Amino acid sequence: MFISTTTIRVRYGETDQMGYLYYGNYGLYYEVGRAEAIRELGFTYKELEDQGVIMPVAELNVKYLRPAYYDDLITVKTTLRELPKSSKIQFHSELYNEKNELLNVGVTTLVFIDVKTKLKAGLPEELKKRLLPFFPENNL
C-alpha cells in the first residue's frame with residue numbers, strides 16, 4: 001500500500017456563503033493529493049505526459065461527513081491500496097481537519113490513455129517500477 005499526505009489551507013474563495021468549503025472543490029483537493037503522491041515517488045504528471053500517457057478521471061465518488069471551514073488546515077491523505085493491473089488506477093482520499101477529525105472520503109478512478117492513439121494503456125513502466133516497493137506481494 002502506498003500512502004501520501006499533504007496539507008492545504010481552505011482559502012476564502014473556495015467557501016460558500018456558510019463559510020464551508022464548497023462541495024465542488026473537494027475534487028480539487030483530491031487532485032492536489034494525487035499530484036503530491038506521485039511527486040513523492042520522484043515522478044510528476046508532466047513526466048507521465050512526456051512519456052505519452054495521460055490520466056483522465058473516469059469516476060469520482062465522494063462522501064461528505066462534516067464540513068471544512070475557511071482557514072482550516074486540511075490534511076489530504078491519498079492511498080493506493082493496490083498496484084494497478086489494468087488501464088485503471090484508483091486513488092482513495094481522506095480529508096482531516098486540524099483536530100484529526102475525518103471530514104470527507106472519496107475514490108477517484110483514472111484511466112491510463114496513450115496520448116497518440118487515445119486508447120487505453122497499461123500502467124506506465126516507470127511508474128510501476130516506483131510503486132513496486134510498496135506492493136511486495138507483486139514482486140514475486
Side-chain angles (χ1 to χ4, degrees):
M1 183 177 322
F2 174 71
I3 300 171
S4 170
T5 60
T6 191
T7 57
I8 305 170
R9 188 164 301 278
V10 178
R11 295 170 293 264
Y12 185 77
E14 296 172 330
T15 62
D16 59 21
Q17 190 173 1
M18 298 174 287
Y20 292 6
L21 176 61
Y22 179 67
Y23 79 93
N25 287 327
Y26 283 82
L28 295 173
Y29 281 43
Y30 298 167
E31 182 179 7
V32 170
R34 289 193 309 272
E36 292 305 314
I38 291 172
R39 189 178 307 281
E40 279 184 32
L41 294 169
F43 213 59
T44 66
Y45 270 116
K46 174 78 170 109
E47 288 173 310
L48 282 172
E49 291 170 354
D50 290 346
Q51 292 179 12
V53 176
I54 56 176
M55 294 171 54
V57 172
E59 187 174 335
L60 175 63
N61 294 294
V62 182
K63 184 172 183 178
Y64 303 93
L65 304 171
R66 54 178 56 91
Y69 299 96
Y70 166 65
D71 208 38
D72 281 355
L73 186 61
I74 304 301
T75 298
V76 180
K77 178 179 174 185
T78 305
T79 306
L80 282 173
R81 295 181 180 171
E82 60 185 17
L83 187 69
K85 296 176 182 63
S86 68
S87 61
K88 294 182 181 179
I89 185 168
Q90 282 194 327
F91 291 89
H92 297 260
S93 301
E94 298 174 354
L95 276 59
Y96 295 88
N97 63 17
E98 292 171 86
K99 297 176 188 171
N100 205 33
E101 296 171 319
L102 181 61
L103 307 177
N104 178 282
V105 294
V107 179
T108 309
T109 303
L110 296 94
V111 179
F112 299 111
I113 300 288
D114 183 289
V115 74
K116 291 178 185 169
T117 65
K118 305 294 189 232
L119 298 174
K120 291 180 183 177
L123 175 64
E125 201 54 43
E126 186 60 31
L127 185 54
K128 180 178 181 179
K129 180 177 127 185
R130 292 172 192 242
L131 284 171
L132 273 174
F134 299 95
F135 299 92
E137 66 277 10
N138 294 98
N139 292 329
L140 304 175

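Residues: numbered from 1 along the sequence shown. Source: prediction; values computed, not measured.
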Side chain to side chain contact (heavy atoms under 4.5 Å, CB included) assessment of Phe91 paired with Val107: CA-CA 6 Å; Phe91 291 89; Val107 179; over 6 Å; no

Minimum-distance pair of heavy atoms, taken over all atoms of Phe2 and Leu41: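 It is CE1-CD2, 3.6 Å.
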
Smallest separation among heavy atoms of Ala68 and Ile74, with atom names: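 For Ala68 versus Ile74, the nearest heavy atoms are CB-CD1, 3.7 Å.
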
Using atom types as modelled, flag every donor-acceptor pair under 3.5 Å from a side chain in residues 119-126 to any protein atom, sequence neighbours excluded.
unit_1 : atom_1 : unit_2 : atom_2 : d
Glu126 : OE2    : Arg130 : NE     : 2.7
Glu126 : OE2    : Arg130 : NH2    : 3.0

Taking only residues two or more places apart in sequence, or in another chain, which ones meet [X] in a side-chain contact (heavy atoms from CB on, under 4.5 Å)?
X: Thr108; result: Tyr30, Arg34, Val57, Leu60, Leu110
X: Lys99; result: Asn97, Glu101
X: Ile54; result: Glu49, Pro56, Ile113, Val115

Gln51 and Phe43, any side-chain heavy atoms less than 4.5 Å apart: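 Of all side-chain heavy-atom pairs linking Gln51 with Phe43, at least one is under 4.5 Å.
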
4.5 Å side-chain heavy-atom contact, Thr109 and Ile89: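 No; the side chains remain at least 4.5 Å from each other.
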
Flag for Glu98-Asn100: side-chain donor and acceptor within less than 3.5 Å: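 Short answer, no.
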
Electrostatic pair Lys118:Asp114 at N-O distance under 4.0 angstrom: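 No.
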
CA sep, side-chain torsions, deciding dist, call: Phe134, Leu80, side chain to side chain contact (heavy atoms under 4.5 Å, CB included): CA-CA 9 Å; Phe134 299 95; Leu80 282 173; over 6 Å; no

Short side-chain to backbone donor-acceptor contact, Thr79 and Arg81, under 3.5 Å: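 Answer holds: no.
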
Gly33 backbone acceptor or donor facing Glu36 side chain under 3.5 Å: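 Such a contact is absent between Glu36 side chain and Gly33 backbone.
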
Cut-off 3.5 Å, no hydrogens considered: what does the side-chain donor-acceptor table look like for residues 18-28, sequence neighbours left out?
unit_1 : atom_1 : unit_2 : atom_2 : d
Asn25  : ND2    : Glu14  : O      : 3.0

Single-linkage hydrophobic cluster Leu132~Leu127, side-chain heavy atoms < 4.5 angstrom: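 Yes, Leu132 and Leu127 fall within the same hydrophobic cluster.
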
Transitive ILVMFWY side-chain link Ile38 to Phe135, under 4.5 Å: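 Both belong to a single hydrophobic cluster.
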
Derivation of the side chain to side chain contact (heavy atoms under 4.5 Å, CB included) call for Glu94 and Asn104: CA-CA 6 Å; Glu94 298 174 354; Asn104 178 282; over 6 Å; no

Listed once per pair and sorted, the side chain to side chain donor-acceptor pair (under 3.5 Å) pairs that draw on residues 62-78, sequence neighbours left out: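 Residue pairs with at least one partner in residues 62-78: there are none.
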
